[in-house]
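See structure below.
Lettering of chains follows the sequences in order, A, B, ..., and the numbering in each one begins at 1.
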Amino acid sequence: MVLLGLIVLAATLVPHLVRRLRALAASGSDMPERIVVTASRVMTARRDWGLALAAELPQVRGQALRWQFAAGVLRVALFPPARRPERALAVAITGLAVTTALTAATAAVAAPAALFVPLLGLLLSGYAAAVAAGRRPVPPEIPGRITAVLALAAVAASVASVVWLAVWEPASIGGQWHAFSVVLAVIIATHLALALMSPGGRNSSAAAWWALGGAVACAAIYATTAFFQGPEPALVASMGVMLAVGYGASAATGSRLSGARAGLISAVTGALAHFAIDTAVLLTGHQLSAAPGAAGYVIRDAVGGALLTGLLIYPAILAAAALVGSAAAGRRALAPRAQAG
Amino acid sequence: VTRIRRPSAQTTAVLQVLSADPAHWRYGYELCTELGIRAGSMYPILMRLADRGLLETSWETEHVPGRPARHLYRLSVAGRDYAAAAAQAAGHQPAPPSRRSPHLEGA
């Protein structure tokens with residue numbers, strides 16, 4: 001079923017990429033212009049400035065100067081100046097203090113998780129500081145904020161489960177745990193940052209409701225199937241949900257990009273919930289021994305599987321399903337215009 | 001009077017150029033070419049000045065075929081005070097010489 005999902009993913013993304021590349025080639029724009037346009041769209045926390053930068057490029061003549069300008073815009077998009085540097089510093093210091101305390105506590109009671117906790121703590125503190133500085137936007141819509149709370153709760157539950165496993169089944173996170181810690185922390189932090197995006201578009205709030213609905217539906221599906229039916233029905237049902245999210249959000253905003261973003265927010269928030277549920281199932285389904293044993297190695301494989309499937313493969317497939325939904329909404333919206341024309 | 005935290009040399013240069021004709025709207029790339037400051041440094045300076053209320057911003061109202069409306073900048077009243085104080089702190093250095101680029105149009 002996962003293989004089928006990957007085939008769907010490839011079948012969705014390859015034609016989409018080919019269409020995009022053809023559209024870019026037909027537009028006659030050069031590479032610096034594409035970089036500037038893309039970078040300016042990334043500047044969601046400073047949208048006006050993104051437009052200002054994009055508006056300057058037409059007057060830059062000469063390929064070398066255009067490349068130089070594009071490089072500057074990319075730099076501004078990736079590292080925008082802090083709006084509130086003092087607040088960012090306060091948040092960073094607080095995050096560092098909390099991370100240090102949690103690391104000390106983890107080292108005392110769950111030594112195998114003593115790398116995972118500080119690494120994730122530092123990544124999240126850095127992101128919180130960027131939000132406090134105004135470098136990254138906070139979701140402005142109520143549904144976006146509810147989604148953020150859901151994602152944060154899933155992250156907290158995941159961390160608690162991993163630490164709990166480290167305490168009660170040390171063998172479950174032994175072996176390659178250091179590499180695993182780094183991968184897990186980076187993936188969780190990245191998913192959280194994506195979950196905190198705003199779908200954008202002219203009716204962003206409606207799209208954010210679709211994203212929240214999709215995330216809740218996926219979490220409910222994962223929770224139900226994790227205990228009763230196994231993973232495959234979960235993927236099929238979640239793909240159906242994502243098609244609806246992509247279609248609904250795209251139709252509500254009139255923007256395929258907003259539909260795709262709403263789907264991505266649902267997929268990553270659902271993925272965080274998925275991992276939290278999977279690790280919770282592991283905790284409840286095994287007799288935890290607090291000593292190295294065969295059960296620990298079984299759990300270790302299961303946690304690795306949960307990371308690969310729940311945090312990487314499923315969200316990629318589900319985001320692709322949302323892309324299909326948003327593309328279908330876009331085609332339907334364009335059809336009457338084409339007929340009218 | 002705005003409390004002065006000594007600005008960088010590049011920020012001081014931008015303030016001096018803008019304060020030379022404070023009523024005149026300027027656009028970002030024009031300032032880049034005039035001061036020889038790259039876009040990756042110029043825009044963060046403009047953003048910080050605008051965030052602190054030292055810069056007024058506006059969009060070009062005149063429609064020029066072939067390019068979108070540009071974002072325009074000039075010093076606010078607080079910005080003029082700040083520029084004067086910054087110039088004083090920098091030792092009354094004259095504004096840097098103009099290096100207007102031949103690549104500009106519609107300036």
Side-chain angles (χ1 to χ4, degrees), chain A residues 27-30 32-89 130-137, chain B residues 2-3 5-8 10-11 14-15 18 25-74 99-107:
Chain A
S27 71
S29 61
D30 62 359
E33 184 178 346
R34 291 172 203 167
I35 293 171
V36 169
V37 169
T38 305
S40 64
R41 284 182 185 157
V42 171
M43 296 175 63
T44 48
R46 289 182 180 268
R47 200 173 293 278
D48 266 13
W49 287 95
L51 295 172
L53 286 161
E56 298 272 20
L57 186 67
Q59 69 210 313
V60 184
R61 301 286 183 221
Q63 205 58 14
L65 286 174
R66 288 173 72 80
W67 272 106
Q68 199 181 79
F69 186 83
V73 173
L74 198 58
R75 179 183 153 191
V76 177
L78 294 176
F79 306 103
R83 271 198 178 119
R84 302 173 290 267
E86 299 81 10
R87 198 189 292 183
L89 186 64
V131 169
R135 284 193 162 116
R136 294 285 174 268
Chain B
T2 310
R3 193 168 66 88
R5 191 173 59 185
R6 183 184 281 263
S8 68
Q10 287 185 330
T11 304
V14 172
L15 288 167
L18 290 171
W25 290 101
R26 311 290 296 270
Y27 56 94
Y29 192 62
E30 178 186 23
L31 294 168
C32 288
T33 52
E34 189 166 334
L35 291 167
I37 298 175
R38 293 187 176 188
S41 302
M42 175 60 74
Y43 285 94
I45 290 171
L46 295 173
M47 288 175 186
R48 285 191 199 100
L49 292 174
D51 287 345
R52 295 166 66 187
L54 303 175
L55 209 60
E56 291 177 358
T57 63
S58 175
W59 287 97
E60 205 171 37
T61 50
E62 183 191 356
H63 175 69
V64 178
R67 66 165 175 78
R70 292 180 301 210
H71 209 209
L72 304 170
Y73 316 98
R74 71 179 181 191
R99 289 199 273 145
R100 210 168 273 269
S101 165
H103 303 286
L104 283 175
E105 330 183 298

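Your options are A/Gly72, A/Ala70, A/Ala54, and the one with the most heavy-atom pairs under 4.5 Å with chain B is A/Gly72. Ranked by heavy-atom pairs shorter than 4.5 Å toward chain B, the options A/Ala77, A/Pro81, A/Pro80 are led by A/Pro81.
Remark: A/Leu53 CG to B/Met42 CE distance equals 12.0 Å, nearest 0.5 Å.
A/Ala71 does not touch chain B: none of its heavy atoms, backbone or side chain, sits under 4.5 Å away. Of the atoms belonging to B/Ile45, not a single heavy atom falls under 4.5 Å from chain A. For chain B, no part of A/Leu74 is nearby; none of its heavy atoms comes within less than 4.5 Å.
For the salt bridge (Lys or Arg N to Asp or Glu O under 4.0 Å) test, residues two or more places apart in sequence or in another chain that qualify with B/Asp51 are A/Arg46, A/Arg83. With sequence neighbours left out, the ring pair (Phe, Tyr, Trp, His ring centres under 6.0 Å) criterion links B/Trp59 to B/His71.
In terms of heavy-atom proximity, A/Val76 sits nearest to B/Pro44 at CG2-CD, 3.8 Å. Listed here is the closest heavy atom pair of A/Ala55 and B/Ala69: CB-O, 3.2 Å. Across every non-hydrogen atom of A/Glu56 and B/Tyr29, the tightest pair is OE2-N, 3.2 Å.
B/Arg38 is not listed as a side-chain neighbour of A/Arg75, based on a closest heavy-atom distance of 4.5 Å or more.
Aromatic ring orientation, A/Trp49 versus B/Tyr43: perpendicular (interplanar angle above 60°, classes split at 30° and 60°).
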